[in-house]
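Sequence positions, counted from 1, serve as the residue numbers for this chain.
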Amino acid sequence: MQASKSGGVAISVLVTGSDRGIGLGLVKRFLELPCPPRWVFATTLDLEAKETKEIKDMVCRHPNLVLLQLDVTILESIQAVLREVEKCVGDDGLTLLINNAGIWLFEDLEKENAADMQTIYSVNTIGPLRMSQAFLPLLKKAARKSPRQGLSTSKAAIINISSSLGSMEVMLIWEKAQVVSYRCSKAALNMLTKCQSLEYSTSGILTVAIHPGLVNTSRNPYPEITVEESTQGIVNVLSTLSEEDNGTFLDWLGRCVPW
């Protein structure tokens, strides 16, 4: 993070789905900061998967990086991660929760079905809801402990990684990829973000949805920017967020995205 309106950086950060792509990129950007967070918690669905090799190597080099197994669709898994995070952060609480874990399936409207939609919603929408609910006490602790006024990511914040594909006005790349369940799940995540911003701000917690761009990952056939460009942009944007940004939908460059 660069110098921010609020000053300073998050003391502790948790990034879900951080064994690859945007999540892994965000973990790298936080660790590269001149003054990195005291704790960076990275999560992966499968600790033994080949995709975790890079993040495991990073754990060996960074004593402030903790890798945890997490399935955001299982409450017991969320609670297990919560206990591990709580052991590390103690009374300082968790400063920044980034709900990044997500999935999509390339189905068009004709082939869309209830089972796939339920699967995608369970990860992309219900997952962030459950994570935010579970970690709310730690976020509140961080907010109370912080001497900072107003709202900021260096006090306490929830960042929901959304997508312009969920924007009803933009309808990004509809001609190339209808991905109806994914679009609906992100539109619902945007509404969740708005609801969280109204409820949690009274406890000193900022909530923002961010579109990371069409990122060049192994799962995206329509890339426009690199993981490095996206995640560096996101980290820069995080450092500038303040009370006026609460409940907004921004992209990786800080531009407002229509709902």
Trainee: How many angstroms lie between atom CG of Asn113 and atom NZ of Lys111, to the nearest 0.5 angstrom?
Mentor: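 Rounded to the nearest 0.5 Å, the CG-NZ separation comes out at 11.5 Å.
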
Trainee: Given side chains that start at C-beta, do those of Phe249 and Pro258 come closer than 4.5 Å, heavy atoms only?
Mentor: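 The answer is no, as the side chains (C-beta and beyond) never meet within the 4.5 Å cut-off.
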
Trainee: Are the side chains of Leu238 and Leu96 in touch, meaning some heavy atoms are under 4.5 Å apart?
Mentor: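 Sidechains of Leu96 and Leu238: in contact.
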
Trainee: Check for a donor-acceptor pair, side chain of Ser146 on one end and backbone N or O of Ala143 on the other, with a separation under 3.5 Å.
Mentor: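 The answer is no, because no donor-acceptor pair under 3.5 Å joins these two groups.
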
Trainee: Is the closest side-chain donor-acceptor distance between Ser77 and Asp71 under 3.5 Å?
Mentor: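 No, no side-chain donor-acceptor contact under 3.5 Å.
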
Trainee: If I compare all heavy atoms of Gln178 with all of Leu109, which pair ends up nearest, and what's the gap?
Mentor: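 Distance-wise, the nearest heavy atoms are OE1-N, 2.7 Å.
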
Trainee: Are there more than 12 heavy atoms of other residues, nucleotides or ligands under 6.0 Å from atom CD of Glu32?
Mentor: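 Enclosed: over 12 neighbouring heavy atoms sit under 6.0 Å from CD of Glu32.
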
Trainee: Under the criterion side chain to side chain contact (heavy atoms under 4.5 Å, CB included), I'd like the reasoning laid out for Thr119 against Thr73: C-alpha separation, chi angles, the key distance, then a yes or no.
Mentor: CA-CA 9 Å; Thr119 298; Thr73 69; over 6 Å; no

Trainee: Do you know which two heavy atoms are closest between Ser164 and Val257, and how far apart they sit?
Mentor: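 Looking at all heavy atoms of both residues, the shortest contact is OG-CG1, 3.4 Å.
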
Trainee: Report yes if some heavy atom in the side chain of Phe41 is under 4.5 Å from a heavy atom in the side chain of Val15; otherwise report no.
Mentor: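 Contact flag for Phe41/Val15 side chains = no.
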
Trainee: Any donor-acceptor pair under 3.5 Å linking the side chain of Thr52 with the backbone of Glu48?
Mentor: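 Judged by distance alone, no pair lies under 3.5 Å.
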
Trainee: Are Ile55 and Leu45 grouped together when hydrophobic residues (ILVMFWY) are joined by side-chain heavy atoms under 4.5 angstrom apart?
Mentor: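 Hydrophobic grouping puts Ile55 apart from Leu45.
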
Trainee: Between Asp245 (side chain) and Ser242 (backbone), is there a donor-acceptor pair under 3.5 Å?
Mentor: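 Side chain of Asp245 to backbone of Ser242: a pair is present.
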
Trainee: So, Thr44 side chain and Asp19 main chain: donor-acceptor pair closer than 3.5 Å or not?
Mentor: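 Side chain of Thr44 to backbone of Asp19: no pair is present.
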
Trainee: Would a 4.5 Å heavy-atom cut-off, applied to side chains only, mark Ile98 and Thr16 as touching?
Mentor: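 Answer no - side chains too far apart.
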
Trainee: Return yes when atom CD of Glu199 has more than 12 non-hydrogen atoms of other residues, nucleotides or ligands closer than 6.0 Å, and no otherwise.
Mentor: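 Open.
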
Trainee: Taking the side chain as every heavy atom from C-beta outward, state whether Val215 and Thr226 have any atom pair closer than 4.5 Å.
Mentor: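 Result no, sub-4.5 Å side-chain heavy-atom pair not found.
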
Trainee: Answer yes or no: does atom NZ of Lys56 have more than 12 heavy-atom neighbours from other residues, nucleotides or ligands under 6.0 Å?
Mentor: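 Yes, the 6.0 Å shell around NZ holds more than 12 heavy atoms from other groups.
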
Trainee: So which atom in Leu138 and which in Gly90 form the shortest heavy-atom distance, rounded to 0.1 Å?
Mentor: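 Shortest heavy-atom separation between Leu138 and Gly90 comes out as CD2-O, 4.5 Å.
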
Trainee: How far does NZ of Lys141 sit from CG of Leu94, to the nearest 0.5 angstrom?
Mentor: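 One gets 11.5 Å once the value is rounded to the nearest 0.5 Å.
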
Trainee: Answer yes or no: is there a side-chain heavy-atom contact under 4.5 Å between Glu112 and Asp116?
Mentor: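 Yes, their side chains come closer than 4.5 Å.
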
Trainee: So if you build clusters from Ile, Leu, Val, Met, Phe, Trp, Tyr with side-chain heavy-atom gaps below 4.5 Å, do Val40 and Ile234 land together?
Mentor: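 Val40 and Ile234: one cluster.
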
Trainee: Has Arg148 got a side-chain atom pairing as donor or acceptor with Lys155's backbone, closer than 3.5 angstrom?
Mentor: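 Pair absent, no side-chain N/O of Arg148 close to backbone of Lys155.
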
Trainee: State, to 0.1 Å, how close Pro37 and Val13 come at their nearest heavy-atom pair, and which atoms those are.
Mentor: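 Smallest heavy-atom distance, with atoms named: CG-CG2, 3.8 Å.
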
Trainee: Quick one: which of Ile159, Asn160, Ile158, Thr153 gives a side chain to side chain contact (heavy atoms under 4.5 Å, CB included) with Val208?
Mentor: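 Running side chain to side chain contact (heavy atoms under 4.5 Å, CB included) over Ile159, Asn160, Ile158, Thr153 with Val208 returns exactly one hit, Ile159.
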
Trainee: Find out whether Met168 and Trp259 are in side-chain contact, i.e. whether some heavy atom of one side chain is under 4.5 Å from a heavy atom of the other.
Mentor: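 Side-chain contact under 4.5 Å: no.
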
Trainee: Assess whether side chain to side chain contact (heavy atoms under 4.5 Å, CB included) is satisfied between Leu192 and Leu189, documenting all intermediate values.
Mentor: CA-CA 5 Å; Leu192 174 63; Leu189 178 62; 4.0 Å; yes

Trainee: Should Ile120 and Ile126 be regarded as members of a common hydrophobic cluster, given that ILVMFWY residues are connected when their side-chain heavy atoms come within less than 4.5 Å of each other, either directly or indirectly?
Mentor: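 Different hydrophobic clusters.
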
Trainee: Please report the interatomic distance CZ(Arg130) to CD(Gln79), rounded to the nearest 0.5 Å.
Mentor: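 Separation between the atoms: 10.5 Å.
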
Trainee: When you look at Leu65 and Val27, which way does the side chain to side chain contact (heavy atoms under 4.5 Å, CB included) test go after all the steps?
Mentor: CA-CA 9 Å; Leu65 175 60; Val27 169; 3.9 Å; yes

Trainee: Taking Tyr182 for its side chain and Gly166 for its backbone only, find out whether a donor-acceptor pair lies under 3.5 Å.
Mentor: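 Looks like no, no N/O pair under 3.5 Å.
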
Trainee: Identify which one of Thr207, Leu206, Asn246 satisfies the side chain to side chain contact (heavy atoms under 4.5 Å, CB included) criterion when paired with Ser201.
Mentor: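 Of the listed options, the one satisfying the test is Asn246.
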
Trainee: Is there a side-chain contact between Val179 and Phe106 (heavy atoms, below 4.5 Å)?
Mentor: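 Val179 reaches Phe106 side chain to side chain.
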
Trainee: Drop me the distance from Ser163's OG to Asn190's CG, to the nearest 0.5 angstrom.
Mentor: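 So the OG of Ser163 and the CG of Asn190 are separated by 8.5 Å.
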
Trainee: How close do Asn99 and Ser132 get, heavy atom to heavy atom, and via which atoms?
Mentor: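 Where Asn99 meets Ser132 most closely, the heavy atoms are ND2-OG, 3.3 Å.
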
Trainee: Can a side-chain donor-acceptor contact be found between Glu107 and Ser181 if the only test is distance below 3.5 angstrom?
Mentor: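 No, no side-chain donor-acceptor contact under 3.5 Å.
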
Trainee: Is there a donor-acceptor pair closer than 3.5 Å between any side-chain N or O of Thr43 and the backbone N or O of Leu68?
Mentor: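 Side chain of Thr43 to backbone of Leu68, a donor-acceptor pair under 3.5 Å: no, none is there.
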
Trainee: Salt bridge or not for Arg38 and Asp92, using N-O below 4.0 Å?
Mentor: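 Salt bridge: yes.
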
Trainee: Closer than 3.5 angstrom, by distance alone: can the side chain of Asn100 be matched with the main-chain N or O of Ile22 as a donor-acceptor pair?
Mentor: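 Side chain of Asn100 to backbone of Ile22: no pair is present.
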
Trainee: Taking the basic N atoms (NZ, or NE/NH1/NH2) and the acidic carboxylate oxygens, is any pair closer than 4.0 Å for Asp57 and Arg61?
Mentor: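 Arg61 and Asp57: not salt-bridged.
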
Trainee: Which value, rounded to the nearest 0.5 Å, describes the distance between Leu136 atom CG and Gln196 atom CD?
Mentor: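 Reported to 0.5 Å precision, the distance equals 9.0 Å.
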
Trainee: Any side-chain to backbone donor/acceptor pair from Ser203 onto Ile205? Under 3.5 Å, distance only.
Mentor: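 The answer is no, because no donor-acceptor pair under 3.5 Å joins these two groups.
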
Trainee: Drop me the distance from Cys35's SG to Ile11's CD1, to the nearest 0.5 angstrom.
Mentor: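 Separation between the atoms: 12.5 Å.
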
Trainee: Could you check whether any side-chain N or O of His211 sits under 3.5 Å from a backbone N or O of Ser162, counting only pairs where one atom can act as donor and the other as acceptor?
Mentor: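 Flag not set: sc His211 to bb Ser162 has no pair under 3.5 Å.
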
Trainee: When you look at Leu241 and Leu250, which way does the side chain to side chain contact (heavy atoms under 4.5 Å, CB included) test go after all the steps?
Mentor: CA-CA 10 Å; Leu241 295 178; Leu250 307 174; 3.6 Å; yes

Trainee: Do Leu151 and Val235 sit in one hydrophobic cluster, given that two such residues count as connected whenever their side-chain heavy atoms are within less than 4.5 Å of each other, even indirectly?
Mentor: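 Yes; Val235 is reachable from Leu151 via cluster members.
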
Trainee: Thinking salt bridges, do Glu86 and Arg83 make one under a 4.0 Å N-O criterion?
Mentor: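 The answer is no: the pair does not qualify as a salt bridge.
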
Trainee: Quick check: are there more than 12 heavy atoms from other residues, nucleotides or ligands sitting under 6.0 Å from CE of Met191?
Mentor: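 No, because the 6.0 Å sphere around CE of Met191 holds 12 heavy atoms or fewer from other groups.
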
Trainee: Closer than 4.0 angstrom, basic N to acidic O: yes or no for Glu54 and Lys28?
Mentor: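 Salt bridge flag = yes for Lys28 with Glu54.
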
Trainee: Going hydrophobic residue to hydrophobic residue with side-chain gaps under 4.5 angstrom, can you get from Trp39 over to Leu26?
Mentor: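 No, Trp39 and Leu26 fall in different hydrophobic clusters.
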
Trainee: Where do Ser152 and Ala157 come nearest, in terms of heavy atoms and distance?
Mentor: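 Where Ser152 meets Ala157 most closely, the heavy atoms are O-CB, 4.1 Å.
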
